Amino acid sequence: MGEYFGSALDLKDGFIHFSTADQIVQTVDLHLTGVEGLVMLKVPTSAVTDSLIWEKSRDGVTFPHLYRTLKCDEAIDVTELELDKNNRHVIPRLD
């Protein structure tokens, strides 16, 4: 079982940045446009509730932040994100 320690930004900020299904498209468009090899992980909040803190961020909206490493088996789905012709990620429909 492996662990994910976070991106360079996560390590700098001291937590792993999460987004809800409603937030993911805007987050990716604002911060990750053109990044190759990007994957989206689906992590149930129940798996990380011990260290997940909801904090106000962009435009006063509350975002989930994980204050520990993410155990790889806590992700129930991993999706590789493709780039479209405009260098934007194609986010699948999230239910």
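Along the sequence shown, the residues carry numbers beginning at 1. Note that the structure is predicted; figures quoted are calculated from it, not measured.
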Under 4.5 Å side-chain linkage, directly or through intermediates, the cluster mates of Leu83: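 When side chains under 4.5 Å apart are linked, Leu83 ends up in no cluster with other residues.
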Who clusters with Ile16? Use side-chain heavy atoms, under 4.5 angstrom, across I, L, V, M, F, W and Y, and order the result by chain and number.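 Members other than Ile16 - counting any ILVMFWY side chain reachable under 4.5 Å - are Tyr4, Phe18, Val39, Leu41, Val43, Val48, Leu52, Trp54, Leu66, Leu70, Val78.
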Can a side-chain donor-acceptor contact be found between Thr79 and Asp77 if the only test is distance below 3.5 angstrom?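 Yes, a side-chain donor-acceptor pair sits under 3.5 Å.
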Hey, could you give me the CZ/CD distance between Arg68 and Glu3, rounded to the nearest 0.5 Å?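 Nearest 0.5 Å value for the CZ-CD distance: 8.5 Å.
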Nearest-0.5 Å distance, CG of residue Leu9 to NE2 of residue His17: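 Interatomic distance, Leu9 CG to His17 NE2, rounded to 0.5 Å: 4.5 Å.
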Check: Ser7 main-chain N/O paired with Asp10 side-chain donor or acceptor under 3.5 Å: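 Yes: the side chain of Asp10 pairs with the backbone of Ser7.
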Can any side-chain N or O of Asp59 pair as donor or acceptor with the backbone N or O of Val61 at less than 3.5 Å?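 Not at all, since once roles are kept as given, no pair shorter than 3.5 Å links the two residues.
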Side chains of [X] and [Y]: closer than 4.5 Å at any heavy-atom pair?
{"X": "Leu81", "Y": "Ile91", "value": "yes"}
{"X": "Thr62", "Y": "Ser57", "value": "no"}
{"X": "Leu38", "Y": "His89", "value": "yes"}

Counting only heavy atoms from other residues, nucleotides and ligands, does the tally under 6.0 Å from CD of Glu55 exceed 12?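 Atom CD in Glu55 is crowded, with more than 12 foreign heavy atoms closer than 6.0 Å.
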Would you call Lys42 and Glu74 a salt bridge, using N to O less than 4.0 angstrom?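 Salt bridge absent between Lys42 and Glu74.
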Nearest non-hydrogen partners of Ser19 and Thr27, listed with the distance: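 Minimum heavy-atom separation between Ser19 and Thr27: OG-OG1, 3.1 Å.
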Would you please classify the geometry between the Phe63 ring and the His65 ring as parallel, tilted or perpendicular, with 30° and 60° separating the classes?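 The rings of His65 and Phe63 lie parallel, inter-plane angle below 30°.
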